[in-house]
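One structure below.
Residues: numbered from 1 along the sequence shown. Bear in mind the structure is a predicted one, so any value in this text is a computation, not a measurement. Each ligand, and each atom within it, is numbered from 1 in the order the structure gives.
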Amino acid sequence: MTDLPAPLPPPVVAGLPLTALAPMQDVTDLTFMRVIAHYGAPDYFFTEFFRVHSQSRLEKHIVRCLDDNTTGRPIFAQVIGEDLEQLVRTARELQQHPIAGIDLNLGCPAPKVYKKNVGGGLLRDLAHVDRILGALRAATPGGLFTVKMRIGFDDTTPFEPMLDLVNAHRVDLLSVHGRTVKEMYRSRVHYDFIARAVQRVRCPVLANGNVTSAPRAVAILRETGAAGVMIGRHAIRNPWIFRQCRELFHPPPALQSTTEPSSLPATAGATSPACFRPTFADVRDYIAHLYQATQTPGIPERIHVSKMKKYLNFVGQAVDPTGAFLREMRRAESEAELFRVCDRHLLPEPAHLIADEPYEGVIARPNCETPHPADRGSPETISA
Ligand SMILES: Cc1cc2nc3c(=O)[nH]c(=O)nc-3n(C[C@H](O)[C@H](O)[C@H](O)COP(=O)(O)O)c2cc1C
């Protein structure tokens with residue numbers, strides 16, 4: 001058996017830091033991946049997690065992402081579970097489909113998930129993680145095996161031992177969401193831990209958590225030394241973000257093929273006239289595109305409108321600083337009402353540029369993203 005790392009799929013532009021759309025349950029389905037690819041695909045996609053247990057079967061709607069992938073970009077299939085035999089069975093089944101690799105979820109913070117000792121819950125039992133990584137590595141011969149982790153459960157005690165397991169099992173790519181499980185989405189992101197992961201593991205690291213814009217991506221890459229960024233919620237708000245990242249990362253320094261962020265040109269991250277800046281009119285088009293793309297025959301309008309609100313909760317963070325768009329949008333119950341709200345906020349000034357960063361205090365999901373008082377006003381370690 002060779003110790004040489006398997007090569008990652010080629011990125012959109014060789015030599016630039018990597019970009020990935022973060023896996024998001026009920027969001028990153030085939031339709032959403034296609035919509036994102038329309039506005040500027042990331043280098044890699046990840047599916048939402050396949051649940052793995054003794055009765056599990058590959059969820060058909062997630063398999064569809066793989067079998068009907070027309071994005072032109074590779075998709076990693078994410079699994080969540082703790083039963084070795086079932087994880088191996090699932091990994092083998094998934095390898096019958098066109099996947100870039102198998103990704104293990106070691107980060108999900110939902111209590112109903114971590115209480116079953118899966119996702120982020122596994123960070124409390126590294127002896128079992130060791131067994132899982134060994135089993136999945138062995139079940140992916142010649143293929144890519146990747147991990148997405150948080151930096152700990154209650155605290156960061158498991159962080160470095162976890163990184164040593166990543167090395168021991170020759171994980172091919174590591175995505176680090178720089179928060180503990182208990183920090184949910186409320187705290188600042190600990191980019192210093194991502195930098196420590198970059199120093200300690202032998203595989204490329206994707207920095208994840210509050211990569212809110214392309215300039216922030218550049219700043220986070222500089223701070224952490226990561227090989228790339230993984231972006232979730234902020235790609236829902238701004239589907240042009242991967243295109244903007246490439247525009248800001250570009251041009252790669254002459255004669256260097258490394259993706260080390262130290263290779264980012266000195267000007268990368270500065271506001272660049274070459275970087276696409278979406279307007280309110282672009283956002284209005286995006287919403288219409290999303291509405292049309294996510295329409296499913298037989299699904300009542302009211303249900304479809306409530307699905308749209310999941311996306312618009314994020315879009316609204318860049319529309320107005322008072323949160324009026326969000327409040328009005330959340331009250332809409334029909335397509336006509338929803339688009340009346342959009343038109344009222346977006347059409348009077350169609351050339352208005354959307355905010356680069358989400359407006360402070362405009363919270364997409366108040367029940368899990370409202371900062372704890374201790375974190376309120378405390379800056380991230382990065383200020384882009
Ligand atoms: C609605 C939603 C669903 C998510 N589902 C998953 C998932 O299935 N697997 C996973 O590893 N992470 C999941 N995450 C976490 C994201 O992948 C990502 O780590 C997190 O949102 C932080 O990145 P961001 O600040 O760019 O959004 C989810 C996040 C959100 C908001």
_Arg344 atom CZ, over 12 foreign heavy atoms within 6.0 Å_ = yes
*Could you check whether the rings of Phe280 and His352 sit parallel, tilted or perpendicular, using 30° and 60° as the cut-offs?*
tilted
*Tell me, which residues have any heavy atom less than 4.0 Å from some atom of ligand 1?*
Ala22, Pro23, Met24, Gln25, Glu48, Phe49, Gln78, Asn105, Lys148, His177, Tyr185, Asn208, Gly209, Asn210, Ile231, Gly232, Arg233, His234, Arg365
*Mind checking what makes side-chain contact (heavy atoms from CB on, under 4.5 Å) contact with Ser334, not counting sequence neighbours?*
Glu301, Ala336, Glu337
*asked:* I need the full list of ring-ring contact (aromatic ring centres under 6.0 Å, His included) pairs touching residues 193-216, with sequence neighbours left out, sorted by first then second residue.
replied: Phe159-Phe193
*Between the main-chain N or O of Phe325 and the side-chain N or O of Asp320, is there a donor-acceptor pair closer than 3.5 Å?*
yes
*Tell me the side chain to side chain donor-acceptor pair (under 3.5 Å) pairs involving residues 118-131, sequence neighbours left out?*
Asn117-Arg124, His128-Arg131, Asp130-His169
